[in-house]
Amino acid sequence: ATGGAARLAPELPRIRALSHLDLSMNRIGAGGMEAICQTLPACTRLLHLDVSDNDLGAEGARHVSLALPRCSSLRHLGVGGNRFGVQGAEQLAAGLRDCPSLTHLNVRA
């Protein structure tokens, strides 16, 4: 699924009106999340991102964390069920500090 995410990622900014992106339960892993996160800041109307249940682990959490401060329109983030562990949770928290537009966060186990 990482390959699929890598192929999808560069197409996302071309969808200019994209406001909701649900990639949950796709097993994209940390590598796929890295590809997606590299293009997210260019999705300037993205309000809702759900990457729940994708086996992201701590490395995937790091990729999300690095993208969050550059996603100025993001309001809802779903990252539950990714087995971040303590290290991943700390990395995600660091990115959340610099994402003032976020109003809803789902980190369910």
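All heavy atoms count here, side chains included; hydrogens, waters and symmetry mates do not.
Distance CD/Gln87 to CD/Glu59: 8.5 Å, rounded to 0.5 Å. Here NE2 of His76 is found 11.0 Å from CG of Leu105. Values are rounded to the nearest 0.5 Å.
In this structure, Ser65 and Pro69 approach most closely via the heavy-atom pair O-CD, 3.1 Å. When all heavy atoms are compared, the tightest approach of Ser24 to Asn26 is O-ND2, 3.0 Å. Nearest approach of Phe84 to Gly57, heavy atoms of both residues: CD2-O, 3.1 Å. Shortest non-hydrogen contact noted between Cys99 and Cys71 is SG-O, 4.4 Å. In plain terms, the two heavy atoms of Leu47 and Ser73 that are nearest each other are CD2-O, 3.3 Å.
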Report all side-chain donor-acceptor pairs from residues 30-42 shorter than 3.5 Å, counting only partners two or more places apart or in another chain.
residue, atom, partner, partner atom, Å
Thr39, OG1, Ala9, O, 3.1
Thr39, OG1, Ile36, O, 3.0

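The number of heavy atoms from other shown groups lying within 6.0 Å of CZ (Arg70) is above 12.
Counting heavy atoms from C-beta on, the side chains of Leu49 and Val64 never come closer than 4.5 Å. Within the 4.5 Å cutoff, the side chain of Leu8 has heavy atoms near those of the Leu23 side chain.
Sorted by first and then second residue, the side chain to side chain donor-acceptor pair (under 3.5 Å) pairs involving residues 40-54 (not counting sequence neighbours) are Asp50-Ser52, Asp53-Arg108.
By the criterion of side-chain heavy atoms lying less than 4.5 angstrom apart, applied directly or through intervening Ile, Leu, Val, Met, Phe, Trp or Tyr residues, Leu68 is grouped together with Leu102 in one hydrophobic cluster. Note on Met25 and Leu21: separate hydrophobic clusters, where clusters join Ile, Leu, Val, Met, Phe, Trp and Tyr whose side-chain heavy atoms are under 4.5 Å apart, directly or indirectly.
Checked by atom type and distance alone, the side chain of Ser19 never pairs as donor or acceptor with a backbone atom of Leu46 at under 3.5 Å. No donor-acceptor distance shorter than 3.5 angstrom exists from the side chain of Asn106 to the backbone of Gly80, with no hydrogens or angles considered.
Leu66 pairs by the side-chain contact (heavy atoms from CB on, under 4.5 Å) definition with Arg62, not counting sequence neighbours.
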